[in-house]
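Each remark here refers to the structure printed beneath this line.
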Amino acid sequence: MLEKSYQPSDIEGKIYDIWEKDNAFASGQKLDADPYTIVIPPPNVTGSLHMGHALNNTLQDILIRFERMRGKDTLWQPGMDHAGIATQMLVERQLEAKNINRRDIGREKFIEHIWQWKEQSGGIIFNQLRRLGASCDWQRERFTMDDGCSRAVLKAFVQLHKEGLIYRDKRLVNWDPKLQTAISDLEVEPKEIKSHMWHFRYPIEGFEDKFLVVATTRPETILGDTAVAVNPDDERYKDLIGKYCILPIVGRRIKIVGDEYADPEQGTGAVKITPAHDFNDFEVGKRHNLEMINILTKTAHIIESDEIPKKYWGMERFTARKAMVDDIKSLGLLDKIEDHTHAQPYGDRSGVVIEPYLTDQWYVDAKTMAKPAIESVEQGRTKFVPENWSKTYYEWMRNIQPWCVSRQLWWGHQIPAWYGDDGTVFVELNENDAHAAAKLHYGKDVELRRDQDVLDTWFSSALWPFSTMGWPDNTNELVKHYQTDVIVTAFDIIFFWVARMMMDGLHFMDEVPFDTVYVHALVRDEHGAKMSKSKGNVINPLELVDKYGADALRFTLTSIAAPGRDIKLAASRVEGYRNFMTKIWNAARFCEMNECVIIDGYDPENNQQQLNRWIVSETVKCQNNINTALASYRFNDAASAVYKFVWGIFCDLYLELSKPLFFVEDDKAVAETRATTAWVFQNILRLMHPITPYITEELWHQMGYSKDIDNKNSNDISLLITSDWPQLPDNMIDNAAIHEIEWAIGFITAIRSVKSEMNIPVATKIPVILQEVSKKNKLWLDRNQITLCRLARIDNFNFDIAPPKGAIQIIYDDLTIAIPLADIIDLAMEKYRLEKAIKKSENTIFGLDKKLSNQGFLAKAPADVITENKQRLLDENTSCDKIKSALAKIIDAM
RNA sequence: GGGCCGGUAGCUCAGGCGGGAGAGCGCUGCAUUGACAUUGCAGAGGUCGGAGGUUCGAUCCCUCUCCGGCCCACCA
């Protein structure tokens, strides 16, 4: 006997253990089956489960469970990302708490500490994913820094270098002075800040009192100015081109150059040029062959250099800014200061202001690699769902910049590059190969020094769809599971990850890494704000799991996963779906109490009862709806299809409508109804399993479906997770039964509605008089009489007798239903009710009339639409007339 | 500056092909001795942001506009 109510916490852990013990998640068990493959977006090793993960992994799990049941050889490849900067920062902070500085203990020891940390506390997110019910193939768990992935990274780097697609270059990078590393464009976050625009007067050489006024938001960079640019077409300054300014404070002679970059409309029209500290100025500098003077140390202090007055040496950048303004002011060269709001770049990890900084770094020629990646989306080889995200993808890919992949960190894949004394670089898979290459180059054995930098974490993530399957070896897994079917992700990592997997997948595997990119929304709080710790509006998915169960959370996330929008999550919604789980549990108890068990040899197509034929039809329709929804990644449609069917149709209608059948003395009907109920319920468990795996698996066993259904000849327990998805054919849909039962439901509703409206107590059993009963209605009345009587609380049916004066009259379909309760009916109220109905009906008639008297409509609308509207008008007129005559009778009785 | 998305019931949101406006929550009334109050039954509630256009017909397509959000670029 089932417990009185469903307690998720009692069963979820148990069920998950059963799945794992049974190896239910493992791929490669159905060798002949078609593959279905998803690689997980590898969470950071430092990560813990947030709502975004919960959504992302619920959707993947739904697809995997769906396809697993449909017989595919499913691989959901799990794994973690080493998360270079995040992890290094975390362990560094932990060591600092113990007064250990990473530079004191050195690189090797520090990395050892990180590995230790990973073993102890890394990857807690995987246990959290287990609680959510994720059916990843855990035996294949990978890590971007494990041996296999590391080998892939080396191979990829070396190959790209040999192909000229990775190169070393000295140019400006985004420099993070706190972390003291370069970062990519994507790791920079612009923030609006309130600052000032300082206007300075630069004296012009050869004139006593002539100045060129330049404006800047960064006065400290004056130390690195090597030119002033004006637009060659700017009448004000045209004549000055080729002349020189004397840089205030510094005293350096700097050239006035003509360059289109200077916009006459902006600022003063004259721009100071600091090639080593501004991306635009860098380009100007290259065009005019200007000197590039670096003024900053790696920690963003003023460098000690002969080019710079001693007084500024060692000053912190913002201190230097202030000093520079003060000093120029005291020279009388400060023209004015304006308030100015502008965006400043900040490091997304460190939170400090990023400096454009001139260094040697490794770059990937993203422009070249992007070409095939763009083309394959244009050709539809990879599809974005929703489609419009492809625009975002194109936008970025078509304007892609060289990707700086070197990082001045310790945690990560060290770059496989070795340098000779003269700086010649040898990029090889290992040190031996590098020495061999060096020997070839120098003609002798030489000392080599390995590049100290590591690669951007995303460099290894970009290889994920094939590095996890054994690449560069041509493994069976790789052959079978690449390309993968779908990547499921939020839009914020289309650039970071999806785009780069596309580039690398096409380059190394010569095939797109996934058929589909499914982009889901970001989860926000119930007011639409981003969840963040500082705002305190973070909802922890595990707390919801504790409180309502994993299935309720999963159902919630599924039901709000409409494509292409932000998702606002309110806990109340989870509560609602917890109630849904309870409902299913109770439906199971109903089945149990009424001995609804699976009957061997039961064939739903042989059902005699229309009600049973109807619920079978609805089951097929539900199955079809879910199939269609999941095939097009419309998760919310799948959720709503199953919700409406299970709660609205099966529980509220079928179980109620069928109850009376248990009381007839027709053993055959009872048996059929029991068998049908069990059959439907079993299919419900199958249909719901991808979304709500725990409760369905539990009930599958409790209801005894695990023993004799899939595996009749064995005593082995068969699990729902590995059972078959329903394959109910459309010819099981019986439209005649659907019409009849829907008519019966409408009949019941019509009577209940009137009783409620007329304040007739629900329990009052009423007699009804039916007039103008058509043959069809008579048949349906007869066949469903017991059910109708019970659910509409009808005492008895009387046909074709005149109803007494003052009876309530209901127009339903072709019928006029009279309820002769004149003594307890408030005639005025009934009059009002009928008048209201007439008004409503007349409104409808008016609308239809107008439409049907429109010549244009008759001439141009499709025939079926015209026919339909004509029929509606006819029906409405008939029913309106009937209500009117009913009203006449009431007035007569008053 | 370039691009994307949204505005539908009190709230949060669905509305594949243009043809009778939907759900959940909330609200109102009624119901409680056998699946379920984590419930059932019955209801109220909409100028589909605004204007114009296309069309026989527009929540849906087009243009403009107002409001909100996001992404990219922008450090004079």
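Letters A, B, ... mirror the listed sequences (proteins, then strands); counts begin at 1.
Interface remark: the A:Glu656 side chain does form a donor-acceptor pair with the B:A35 base, using a distance-only criterion of under 3.5 Å. Under 3.5 Å, the side chain of A:Arg872 and the base of B:G20 form at least one donor-acceptor pair of N or O atoms. In this model, no side-chain donor or acceptor of A:Lys391 finds a partner on the base of B:C4 within 3.5 Å.
When heavy atoms are screened at a 4.0 angstrom cut-off, A:Val214 is found touching no nucleic acid atom at all. Using a 4.0 Å heavy-atom cutoff across all strands shown, A:Trp647 reaches sugar-phosphate atoms only and no base atom. Within the 4.0 angstrom heavy-atom criterion, only backbone atoms of the sugar-phosphate kind lie near A:Asp652; the bases stay farther away. A:Lys659 comes within 4.0 angstrom of a base, heavy atoms only. Heavy atoms of A:Lys583 sit under 4.0 angstrom from at least one base atom. In this structure, A:Ala763 reaches neither bases nor backbone, as no heavy-atom distance under 4.0 Å exists between it and the strands shown. Within the 4.0 angstrom heavy-atom criterion, base atoms lie near A:Ala861. A:His277 comes within 4.0 angstrom of nothing in the nucleic acid, heavy atoms only. No contact: A:Ser640 has no heavy atom under 4.0 Å from any strand. Looking at heavy-atom distances under 4.0 Å, A:Arg752 makes contact with sugar-phosphate atoms alone, never a base. Counting non-hydrogen atoms under 4.0 angstrom, A:Cys651 reaches a base of the nucleic acid. Counting any heavy atom pair closer than 4.0 Å across all strands shown, A:Tyr261 reaches a base atom. Looking at heavy-atom distances under 4.0 Å, A:Pro356 makes contact with a base.
Separating the P atom of B:C67 from that of B:G29 is a span of 41 Å, rounded to the nearest Å. B:G49 sits 10 Å from B:U8 when the C1' atoms are compared, rounded to a whole Å. Comparing the C1' positions of B:C64 and B:C25 gives an interatomic distance of 37 Å, to the nearest angstrom. If you take atom C1' in B:G69 and the same atom in B:G19, they sit 34 Å apart, rounded to whole Å.
Under a 4.0 Å N-O distance rule, the pair A:Arg833/A:Glu830 qualifies as a salt bridge. Taking 4.0 Å as the cut-off between side-chain N and carboxylate O, A:Glu220 and A:Arg218 count as a salt-bridged pair. Ionic pairing of A:Glu3 and A:Arg589 is not present here: no N-O contact between side-chain nitrogen and carboxylate oxygen is shorter than 4.0 angstrom. Using a 4.0 Å cut-off between a side-chain N of Lys or Arg and a carboxylate O of Asp or Glu, A:Arg287 and A:Asp259 qualify as a salt bridge.
Checking B:A14 for Watson-Crick or G-U wobble geometry (two distances, each under 3.5 Å) identifies no partner in any strand. B:A37 makes up no base pair with any nucleotide shown, lacking Watson-Crick or G-U wobble contacts both under 3.5 Å.
Ranked by how close their nearest RNA chain B nucleotide is to the 5' end, A:Arg573 and A:Cys591 are led by A:Arg573.
Rounded to whole Å, atom C1' of B:G34 lies 14 Å from atom CG of A:Leu655. Distance, A:Asn174 CG to B:C75 C1': 12 Å, rounded to whole Å. In this structure, A:Asn399 atom CG and B:G1 atom C1' are separated by 13 Å, rounded to whole Å. Summarising the geometry, the separation between CG on A:Leu172 and P on B:C75 is reported as 12 Å, rounded to the nearest angstrom. Across the protein-nucleic acid pair, A:Ile494 atom CD1 and B:C4 atom C1' stand 11 Å apart, rounded to whole Å. The distance between atom CG of A:Asp281 and atom C1' of B:C75, rounded to the nearest whole Å, is 10 Å. For the pair A:Ile866 CD1 and B:C56 P, the interatomic distance rounds to 13 Å; values are reported in whole Å. When rounded to the nearest whole Å, the span between CG of A:Asn594 and P of B:A35 equals 7 Å.
Of all nucleotides listed (B:A14, B:C36, B:C74), B:C74 comes nearest to the side chain of A:Pro190.
Side-chain nitrogen and oxygen atoms of A:Asn579 include at least one within less than 4.0 Å of the OP1 or OP2 phosphate oxygen of B:U39. Contact annotation: A:Arg634 side-chain N/O to B:G15 OP1/OP2 distance is under 4.0 Å. Between B:G43 and A:Ser753, a contact under 4.0 Å exists linking OP1 or OP2 to a side-chain N or O. A close approach under 4.0 Å does occur between a side-chain nitrogen or oxygen of A:Lys4 and OP1 or OP2 of B:C36.
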Inset, instruction - Go through A:Ile817 and A:Phe747 one step at a time and tell me if the side chain to side chain contact (heavy atoms under 4.5 Å, CB included) criterion holds. - result: CA-CA 9 Å; A:Ile817 307 165; A:Phe747 185 96; 3.5 Å; yes

Inset, instruction - Go through the steps for A:Val214 and A:Val271 under the test side chain to side chain contact (heavy atoms under 4.5 Å, CB included), then give the verdict. - result: CA-CA 6 Å; A:Val214 298; A:Val271 197; over 6 Å; no

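Defined by atom type and a distance below 3.5 Å, a donor-acceptor pair is missing between the side-chain atoms of A:Thr844 and A:Glu876.
In summary, of the residues considered (A:Ile256, A:Val213, A:Ile254), a side chain to side chain contact (heavy atoms under 4.5 Å, CB included) with A:Tyr202 occurs for A:Ile254 alone.
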